[in-house]
Amino acid sequence: MNTKIWIKAAWGAALLVCSSYFLSFAQGSTPQLTDPEITSVAVTANQVDIDYARIALKKSHDAQIRNFAQTMQRDHNSVIHQAVELVKKLHVTPQDNAVTQSLKKQETQTSRMLNAKTGKAFDQAYIENEVNYHKAVIHTVQDVLIPQAKNEELKALLQKVLPILQEHLQHAEQIANTFHS
Amino acid sequence: MINLKFMWEGHFWRKGGSGVWIMAALLWMGCHPSHPSRETTKVAVDTVYMHNLKFVPDTLLLHGPTRVVFVNQDIVVHNITQIDSAWASPNLNPGDSWSRMIDRSTHYFCTLHPTMKGVLVVEQ
């Protein structure tokens with residue numbers, strides 16, 4: 001097996017361990033994405049978390065869950081706004097791809113699971129999903145999207161998004177811990 | 001509008017004229033050390049940036065009461081809230097700034113991103 005295949009296999013294993021969110025491509029190898037495909041993944045990943053937040057705001061009465069969900073809506077909308085502005089400036093059309101499809105497929109399943117729960121069980125399921133989702137997205141942005149982005153402005157935007165996702169993860173973990181204690 | 005011709009040629013500058021008294025008063029105000037307008041210009045100003053979801057610097061040492069300006073350099077909304085909610089800024093959009101006179105040491109954070117924390121230490 002040559003080095004290139006080994007590297008691809010290692011990426012695939014790492015992504016598989018990280019989360020099932022990107023399972024459909026992680027089982028094979030690291031996807032090779034063009035800039036239009038990267039913008040599509042970035043916008044979709046943000047939109048998925050906005051959709052989860054919408055479910056939380058509809059179902060939860062817990063103050064810290066609602067505050068977190070409102071922050072997710074606000075922050076991910078800001079990131080989408082930045083991405084759309086950049087896409088317009090660069091005259092790039094986001095292109096659907098296997099990663100985007102995987103995110104949407106997983107969203108359908110997760111939304112069904114969340115909608116079936118109520119009360120504290122919902123709150124716990126929502127925040128645990130947020131922890132796992134942000135871990136998976138951080139991994140993908142850090143190790144797939146940033147290294148593969150060709151355009152410097154797109155790369156810079158993804159680098160700006162990373163600390164936002166990392167803060168969301170820490171915030172979600174803090175809330176999740178209160179449900180376990 | 002000031003009539004310069006009048007000031008130069010007229011009664012304005014003559015002995016006992018109004019110009020002499022006005023200039024004397026202005027000079028006294030400008031030189032007197034306890035004049036209030038000079039006090040306000042002495043207020044110290046320092047800046048904290050919100051950058052990459054952190055307050056930078058996260059600990060700021062202030063030499064006495066200081067007006068602290070908070071500048072949001074991120075692409076998301078932040079706020080600055082005193083740890084016991086004694087005071088709070090409004091939500092600041094990207095690029096916005098807000099300031100407050102700080103006269104005592106305090107901890108603060110962003111309620112939207114609670115892992116963002118900062119300390120202002122006032123040396124008396």
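A note on names: the letters A, B, ... follow the listed sequences, proteins ahead of strands, and every chain is numbered from 1.
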Candidate polar pairs, chain A side and chain B side, donor-acceptor under 3.5 Å:
{"from": "A:Asn67", "atom 1": "ND2", "to": "B:Thr111", "atom 2": "O", "distance (Å)": "3.4"}
{"from": "A:Thr71", "atom 1": "OG1", "to": "B:Leu112", "atom 2": "O", "distance (Å)": "3.2"}
{"from": "A:Asp75", "atom 1": "OD2", "to": "B:His113", "atom 2": "NE2", "distance (Å)": "2.6"}
{"from": "A:Glu167", "atom 1": "OE2", "to": "B:Thr115", "atom 2": "N", "distance (Å)": "3.3"}
{"from": "A:Glu167", "atom 1": "OE2", "to": "B:Thr115", "atom 2": "OG1", "distance (Å)": "2.8"}

ask   = With a 4.5 angstrom heavy-atom cut-off, which part of A:Leu162 approaches chain B: side chain, backbone, both or neither?
value = neither
inquiry  = Quick check: closest heavy atoms across A:Val87 and A:Pro94, and the distance to 0.1 Å?
reply    = CG1-CD, 3.9 Å
query = So with a 6.0 Å cut-off around NZ of A:Lys117, is the heavy-atom count from everything else above 12?
reply = no
query = Between A:Tyr133 and A:Tyr52, does the ring centre distance come in under 6.0 Å?
reply = yes
query = Can you hop from A:Leu158 to A:Val43 via hydrophobic side chains spaced under 4.5 Å?
reply = no
A:Arg54 bridged to A:Asp51 by N-O distance under 4.0 Å = yes
ask   = If two hydrophobic side chains count as joined below 4.5 Å and joins carry through other members, does B:Ile102 share a cluster with B:Met50?
value = yes
